[in-house]
Amino acid sequence: MTSTLGRSTRHVPTDDDSLDPERFRILLGTAARVPAVTLAVVATIVVTTMVVANSDLTGIYAAIAGTWLALHQVTLTIDGTSLGVLPLLPTAVLVWQAARGCASAADALVENSGYALDRQDVSRITVAVLAGPLMVTAASLIVLQDAASVLPVTPPNAAAALAWVTGIYLVAALIGIGSRVWRPLVRYYAAPDWLVLAFRPALRVLLGMFALGGVVVVAGLLWSWNVVGELLARGDHWTGVLGLTVMSILYLPNVIIGAAAVLAGSTVHFGDIHLSLFEATGGDLPALPVLAAVPSGPAAAFWPVLLAVPATIGALLGRFAAQRTLQAKADGAPVGSADAAWTVLAAAAGAGLVTALATWVAGGPLGVFGTVGANWWLAGILVFAWSGLLGIITAQLLVWREGRLAAAALRADTVVDEEISEDAADEAEADDTADREADAELEAAESETPALEAPVAEDADDADADDEEESSVEDTTAAEREVVEVDGDEAAAVDEDEAAEDDAESLEEDADADDVIDAEVVEVVDEDDAEDDDEPDEEVANKAEKGAD
């Protein structure tokens, strides 16, 4: 389907507002589709029922007209008995079909014109969806007026009939067209966010109440299954059993709405029967199997516990509103502190209003039983009170709790940041101290005296020197080199004078022990070294003596 939103920025409406053939075809289909289909179905059911019952077809038109009015909740009077409690399921189907027709017409007009819906298009669709049903209703009233002379049928109030039909299809138009234009309307009128957010929770409250009312009805039918079987057995034939079953299904929404009203704390009246969570008095009921779910009384002691149902639904409403408000705050949207409470109040008000309206429609006069149904205004007030009060309390508690948790988390983060900064400062100070100590140790190590340099071994001029002297010279040189490789930080400096005295004593001991004849020691140097270095003879002689040692 083509969307009706966002086209006004691409297409500018034309000045020609005339009803062209395509628009006329769309509106004509909207006006005729639902009435034509409904009349075809009603005529088929009425004719089939009369044929199966071997009834005379004389009053077939009156039966079709009466059925059409009954589908639109118009009170009928047959043989002096008022029938105002009419099944809601067919009416709900009609509203759904009409709403779909309005939505389809809105999409078709947008597709045809190329721009968004304006007020004139909305008015045309609304008039179209009302025109067809109102014409059929007027014809039905005329048929019943003519049939009243030969049949025991009293024509209904024409104003009431037209009002019912108009109200039903206005609701359908509101739902169908509103589903296409509610976003532009919200932006145009700058509706507050809490009002827009209240629609979905209100729908959830209604669905929750009616769903739990259905659970109660099913539990009552299972509890009274024997009574249901006895009522079905009164049909005497399969056609009678089928008829009772179909009628029970059609009236099931009425019973569910009454059960939801009782769960909220309201009271249901059905002739002499008064039913609530606190009292239950028995009485006569119509022979309809679905009514077997109505308890005969007295009220059980645990019934008031069922008040936890609307209380729980109200708490869930508050939880939903609080979550949406907190999420909007997390997203950075401008949300006020009271938006959650306003959302709950708006949703509760909508749910209470729809509950009161549905309870009122589900009831009505029923012959000798009088007015049948729940106290509609009390049901609406109680649904609003339960969902609104519990919802506001829950929402405010959750918002307050999340605020406290957020504040505590912020304080914890602040403390952690301070501790991290203090630890970083301590680590930086420790690193500076370690660097200063390392620099001091490095300076001390550089200032120490380096170890003794290893002497340069020199060879004697005499080519006939012993191999033992050369090996002793190499061993001595290696030993001295090992002494030199001691750690620079801890090695002790050796004084040159003490080393010279030790060498002299070792020479004297060697001379006495081995009686070695002193030979002339000749310094062996490289030619390059000889050219560059011109050492004194005494230094060369001393080095030669050390090498000999």
Side-chain angles (χ1 to χ4, degrees), residues 34-35 38-95 130 132-170 240 243-244 246-248 250-251 253-254 269-273 283-288 291 357 359-374 376:
V34 173
T38 304
L39 284 176
V41 173
V42 168
T44 302
I45 294 174
V46 169
V47 171
T48 303
T49 303
M50 287 185 171
V51 171
V52 171
N54 295 323
S55 177
D56 188 7
L57 298 180
T58 303
I60 186 172
Y61 296 109
I64 293 174
T67 304
W68 168 268
L69 295 176
L71 291 177
H72 293 83
Q73 300 297 312
V74 179
T75 302
L76 300 176
T77 303
I78 301 173
D79 199 9
T81 302
S82 296
L83 183 60
V85 183
L86 298 168
L88 286 179
L89 184 58
T91 307
V93 174
L94 283 178
V95 172
L130 287 173
L134 287 176
M135 292 177 61
V136 176
T137 302
S140 299
L141 291 174
I142 294 173
V143 169
L144 287 179
Q145 185 71 33
D146 293 338
S149 59
V150 294
L151 296 175
V153 177
T154 302
N157 188 326
L162 294 175
W164 272 106
V165 174
T166 302
I168 288 173
Y169 286 96
L170 279 179
L244 290 174
V246 172
M247 291 299 293
S248 297
L250 295 179
Y251 274 101
N254 301 62
H269 302 279
F270 205 115
D272 295 333
I273 296 176
D284 295 332
L285 289 173
L288 195 62
L291 296 179
L357 180 62
T359 306
W360 176 64
V361 174
L366 187 59
V368 296
F369 295 98
T371 301
V372 174
W376 61 271

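From a predicted model like this one, the values you see are computed outputs, not experimental measurements. Start at 1 with the first residue, then count along the sequence.
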Could you check T166 against L134 for side-chain contact (heavy atoms from CB on, under 4.5 Å), going step by step and ending with a plain yes or no? CA-CA 7 Å; T166 302; L134 287 176; 3.5 Å; yes
Trace of the side-chain contact (heavy atoms from CB on, under 4.5 Å) decision for L69 with W164: CA-CA 9 Å; L69 295 176; W164 272 106; over 6 Å; no
Residue pair V368, T81: steps toward the side-chain contact (heavy atoms from CB on, under 4.5 Å) verdict: CA-CA 8 Å; V368 296; T81 302; over 6 Å; no
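By the 4.5 Å heavy-atom criterion applied to side chains, L86 and H72 are not counted as neighbours. No side-chain heavy atom of T77 sits under 4.5 Å from any side-chain heavy atom of V153. No side-chain heavy atom of P156 sits less than 4.5 Å from a side-chain heavy atom of T75. Residues D146 and Y61 form no side-chain contact, since every pair of their non-hydrogen atoms from C-beta on lies 4.5 Å or further apart. Under the 4.5 Å side-chain criterion, counting only non-hydrogen atoms from C-beta, P286 is in contact with L366. At a threshold of 4.5 Å between non-hydrogen side-chain atoms, the residues V34 and P133 do not count as touching. Between I60 and V47, some side-chain heavy-atom pair lies under the 4.5 Å cut-off.
Shown here for L151 and A62, the closest heavy-atom pair between the two residues is CD1-CB, 3.7 Å. When all heavy atoms are compared, the tightest approach of L76 to A70 is CD1-CB, 4.0 Å. Taking both residues in full, the closest heavy atoms of L244 and L288 are given as O-CD1, 4.3 Å, listed atom of the first, atom of the second, then distance. The minimum heavy-atom distance between L141 and A161, with the atom names listed, is CD2-CB, 4.1 Å. Of all non-hydrogen atoms in M50 and A63, the two that sit nearest each other are CE-CB, 3.7 Å. Shortest non-hydrogen contact noted between P35 and G132 is CG-C, 3.7 Å.
Here the OG1-CG distance, from T359 to N254, works out to 10.5 Å after rounding to the nearest 0.5 Å. Atoms CG and CD1, from L285 and I273 in turn, are 3.5 Å apart once rounded to the nearest 0.5 Å. To the nearest 0.5 angstrom, L71 atom CG is 5.5 Å from L94 atom CG. Between the CG atom in L170 and the CG atom in L130 there is a gap of 5.0 Å [rounded to 0.5 Å].
Judged by distance alone, the side chains of W68 and T137 do bring a donor and an acceptor atom under 3.5 Å apart.
Put simply, the side chain of Q73 never gets that close to the backbone of V85: no donor and acceptor are under 3.5 Å apart.
Ring pair F270/F369 is perpendicular by interplanar angle, where above 60° counts as perpendicular and below 30° as parallel.
Remark: of the listed residues T48, T49, V42, T49 is the sole one forming a side chain to side chain contact (heavy atoms under 4.5 Å, CB included) with I45.
More than 12 heavy atoms of other residues, nucleotides or ligands lie within 6.0 Å of CG in N157, so this atom counts as buried by the packing criterion.
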